[in-house]
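Count residues from 1 along the sequence. Since we're looking at a predicted model, the values are computed, not measured. The figures here come from the full heavy-atom set of this structure, side chains too, leaving out hydrogens, waters and symmetry mates.
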Amino acid sequence: MQQSVHALWQGLKWLMATSAVCYIFLLFCVLFFHLTGAFYQSILSMLLFMGIYVVLGISFEHVEHVLMRVVRKCRSKKRSIVFYAISIHLLFIWGAVYLSDELVGGILLSTSEEILFALSLWLFHFLLDYATFSFEKEAQ
């Protein structure tokens, strides 16, 4: 009995955390669209845009990891590896934003807005990775 209550509690915590992340992402998207003056038809089109972006982003991430392994094997200087890593990551984020914009009819983003959106998401990814990175494990 206690294990099922624990599992229910863990599932509830996971659901609340996932809901919070989705809400923050929705808030970020709506705020970005409002500040840049980009057009979105309704919240439903924004949710569809976000869902397609997440699916494309997850699928592009596998290709991105393969490309990064190739870059690490071909390049020896750490600066060039970091430059290529940032460039590849930005390119795939922009690609996911571009395709999401094209697939959703109720969203209109200009190319500069897509690039600015991709830069904002890259900065968010970078800050999240930096905040969750364990420096103690790296030092050992």
Side-chain angles (χ1 to χ4, degrees):
M1 175 71 175
Q2 191 167 357
Q3 286 180 342
S4 63
V5 171
H6 181 69
L8 180 65
W9 179 245
Q10 290 297 326
L12 190 60
K13 287 192 322 188
W14 182 85
L15 183 66
M16 289 181 351
T18 304
S19 299
V21 168
C22 290
Y23 179 73
I24 290 170
F25 188 47
L26 175 66
L27 190 65
F28 167 77
C29 289
V30 169
L31 185 65
F32 179 85
F33 276 60
H34 179 72
L35 289 175
T36 59
F39 173 77
Y40 65 98
Q41 192 172 17
S42 65
I43 291 293
L44 184 60
S45 61
M46 181 66 72
L47 289 172
L48 185 61
F49 173 80
M50 290 170 45
I52 291 173
Y53 169 77
V54 168
V55 169
L56 287 173
I58 289 171
S59 61
F60 285 174
E61 198 165 321
H62 299 295
V63 178
E64 182 181 336
H65 285 294
V66 170
L67 281 174
M68 282 312 304
R69 286 182 188 211
V70 170
V71 167
R72 283 188 188 127
K73 287 184 181 185
C74 294
R75 300 287 175 188
S76 60
K77 293 183 182 178
K78 187 171 182 162
R79 285 185 181 180
S80 66
I81 291 173
V82 169
F83 172 76
Y84 284 117
I86 291 170
S87 300
I88 289 170
H89 194 67
L90 273 171
L91 180 68
F92 279 104
I93 290 174
W94 175 74
V97 170
Y98 173 77
L99 285 174
S100 300
D101 177 34
E102 292 299 316
L103 291 174
V104 178
I107 301 283
L108 293 176
L109 287 171
S110 67
T111 304
S112 59
E113 290 168 339
E114 289 172 355
I115 292 170
L116 189 61
F117 192 75
L119 283 170
S120 302
L121 287 173
W122 176 83
L123 183 63
F124 178 72
H125 287 180
F126 176 76
L127 292 176
L128 187 65
D129 287 344
Y130 185 76
T132 60
F133 183 74
S134 175
F135 289 102
E136 290 82 27
K137 286 183 183 177
E138 187 69 25
Q140 293 175 355

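Contact detail for G57 and A96: the closest heavy-atom pair is N-CB, 4.2 Å. Contact between G106 and S45 at its shortest, heavy atoms only, is O-OG, 3.8 Å. Between E114 and D101, the shortest heavy-atom contact is OE2-OD2, 2.7 Å. Residues C29 and M46 come closest through the heavy atom pair CB-SD, 3.6 Å.
Residues F92 and L67 form a side-chain contact, since some pair of their non-hydrogen atoms from C-beta on lies under 4.5 Å apart. Between I43 and V30 there is a side-chain heavy-atom pair separated by less than 4.5 Å. Within the 4.5 Å cutoff, side-chain heavy atoms of F117 are placed close to those of F28. The shortest distance between side-chain heavy atoms of V104 and Y40 does not fall below 4.5 Å.
No more than 12 heavy atoms of other residues, nucleotides or ligands sit less than 6.0 Å from atom CZ of F126.
Criterion: ILVMFWY side-chain heavy atoms under 4.5 Å apart, direct or through other members. Under it, I86 and F124 are not part of a common hydrophobic cluster. Placement of Y23 and F32 in two distinct hydrophobic clusters is found when ILVMFWY residues are connected by side-chain heavy-atom separations under 4.5 Å, directly or transitively. Transitive grouping of hydrophobic side chains (ILVMFWY, heavy atoms separated by less than 4.5 Å) keeps L35 and I115 in distinct clusters. At a threshold of 4.5 Å between side-chain heavy atoms, the hydrophobic network of Ile, Leu, Val, Met, Phe, Trp and Tyr places F49 and L44 in two separate groups. Under a hydrophobic-cluster definition in which Ile, Leu, Val, Met, Phe, Trp and Tyr are linked whenever side-chain heavy atoms come within less than 4.5 Å, directly or via other members, L109 and L47 are assigned to the same cluster.
Here F60 and Y53 keep their ring centres 6.0 angstrom or further from each other.
A distance of 7.0 Å separates CD of E64 from CD1 of I93, quoted to the nearest 0.5 Å. Distance check: I88 CD1 to H65 NE2 gives 11.5 Å after rounding to the nearest 0.5 Å. Within the model, atoms CG of L27 and SG of C22 stand 12.5 Å from one another, a figure rounded to the nearest 0.5 Å. Remark: K78 NZ to R72 CZ distance equals 10.5 Å, nearest 0.5 Å. Interatomic distance, M50 CE to F25 CZ, rounded to the nearest 0.5 Å: 5.0 Å. The distance from the CD1 atom of I52 to the CD atom of E102 is 11.5 Å, given to the nearest 0.5 Å.
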